[in-house]
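Below is one structure; the comments refer to it alone.
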Amino acid sequence: MNITSTFDAWLSEKEALVQKVRAEMGEHRFTHTLAVAKEVLSLADTYDLCEKDAKRLFVAALLHDYTKAYSTEKQIALAKEYGIALSEDDIASPPVLHSRTAAAVCKTLFPLDVDDEICEAIRCHTVGKQEMSLFDKLLFLADYIEETRTHPVCQKTRKEFYEKLASGNNKENTLNDTLRQVLQNTLDYVAIQGNTVHSDSLKMLKNL
Ligand SMILES: [Fe+2]
Ligand SMILES: [Fe+2]
């Protein structure tokens, strides 16, 4: 797959969806969203997803932060409106709420584009869950390592991930090792901030 030309072609194909995403967020988040959409193409290629699945992962990336600009109050109101069961950990971790609401809102707003697997990958893209599918893992990783991330830890993770692949390391092990590192980084950060560690992340970490 030629990543750049496929990215351009699918962006044109999904133009209406892209414009709706664009209207929900500022420039910085939109740039991040497009970078995640590009990153998933690279990962889909590496992990041999068929074209149909790569395009579905591309849609999940375009929509993953659809509600992230909304206030916590609006997230809670949306959760009520859409009948989303928020866990105690979700409520204790406001940055998680957008993944729960984006999944439900996008499934309702874009039923032709969003199927159950896309919805689930969006739902768990922040803190993971016990049983992550390959599809879930690729969105989760792309969100963390996309090329416009400026945090040194994200850049280091990206560099090491692609270096391991380039030197012929087992692809599945490299993905799981990298995700383990991402979760550990996140858990360390959350602990330093004195915030609650989300139980879904602990479950994912144990299960990788
Ligand atoms: Fe997000
Ligand atoms: Fe994101």
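Numbering of ligands and ligand atoms starts at 1, following listing order. Numbers here are sequence positions counted from 1.
Per residue H125, closest N, O or S atom to the Fe ion (ligand 1): atom name NE2. For H32, the N, O or S atom with the smallest separation from the Fe ion (ligand 2) is NE2. Looking only at N/O/S atoms, H98 comes nearest to the Fe ion (ligand 1) through NE2.
Inter-residue side-chain proximity for H32 and D143 is flagged as met; some heavy-atom pair is nearer than 4.5 Å. Contact check for M204 versus Q130: no side-chain heavy atoms found under the 4.5 Å cut-off.
Here the shortest heavy-atom pairing between V40 and L138 reads CG1-O, 4.2 Å.
Distances from the Fe ion (ligand 1) show that H64 has no N/O/S atom below 2.8 Å. Backbone or side-chain N, O or S atoms of D143 do not reach the Fe ion (ligand 1) at under 2.8 Å. Within the coordination shell of the Fe ion (ligand 2), defined by N, O or S atoms under 2.8 Å, D65 is present.
A donor-acceptor contact under 3.5 angstrom links the side chains of Q184 and D188, judged on distance only.
Relative orientation of the F161 and Y47 rings is parallel, given thresholds of 30° and 60° on the angle between their planes.
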